[in-house]
Amino acid sequence: MKLATHVRPISYLKSHAAEIARDITETGEPMLITQNGEARLIVVDVCTWEQKEQTMALLKMLALGKRDMEQGRFRNAEDVFMDLDEEDLT
């Protein structure tokens with residue numbers, strides 16, 4: 001993803017919204033929108049946004065799991081499976 005090749009001023013967004021929506025949906029490439037020469041918005045399609053959100057959620061779960069392990073908050077897998085086997089027997 002190279003935002004540098006997809007930079008447009010906000011006036012372009014205003015006058016070409018339908019074209020931008022079509023292009024972004026087809027390519028999955030985001031577009032950087034500037035206002036007064038400064039970056040203001042990144043426009044992405046819904047599918048790309050949802051994929052990034054899912055990725056961020058997974059990364060957060062991994063980070064939380066790593067933190068728990070570093071703080072000693074975990075159980076040995078063998079112990080967990082033994083407890084599950086005992087529950088099945090009762």
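Both Leu41 and Ile20 are part of a single hydrophobic cluster, where members link through side-chain heavy atoms under 4.5 Å apart.
Smallest separation of non-hydrogen atoms from Ala39 and Leu32: CB-CD1, 3.7 Å. Of all the heavy atoms in Val44 and Pro30, the pair that sits closest is CG1-CB, 3.4 Å. Looking at every heavy atom in both residues, Gln35 comes nearest to Arg40 through CB-CG, 3.4 Å. Arg75 and Asp79 make their closest contact through NH2-O, 3.6 Å (heavy atoms, listed as atom of the first residue, atom of the second, distance).
Once rounded to the nearest 0.5 Å, the distance linking NZ of Lys66 with CG of Leu59 reads 12.0 Å. Between the CD atom in Glu86 and the CG atom in Leu84 there is a gap of 9.5 Å [rounded to 0.5 Å].
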Residues 21-28 side chain polar contacts: donor-acceptor under 3.5 Å, at least two apart:
| from | atom 1 | to | atom 2 | distance (Å) |
| --- | --- | --- | --- | --- |
| Thr25 | OG1 | Ala21 | O | 2.7 |
| Thr27 | OG1 | Asp23 | O | 2.9 |
| Thr27 | OG1 | Glu29 | N | 3.1 |

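With sequence neighbours excluded, no residue forms a salt bridge (Lys or Arg N to Asp or Glu O under 4.0 Å) with Arg8. Evaluation of the ring-ring contact (aromatic ring centres under 6.0 Å, His included) rule for Tyr12 yields His16 as partners, not counting sequence neighbours.
With a 6.0 Å radius and a threshold of 12 heavy atoms from other residues, nucleotides or ligands, Glu19 has its CD atom above the threshold.
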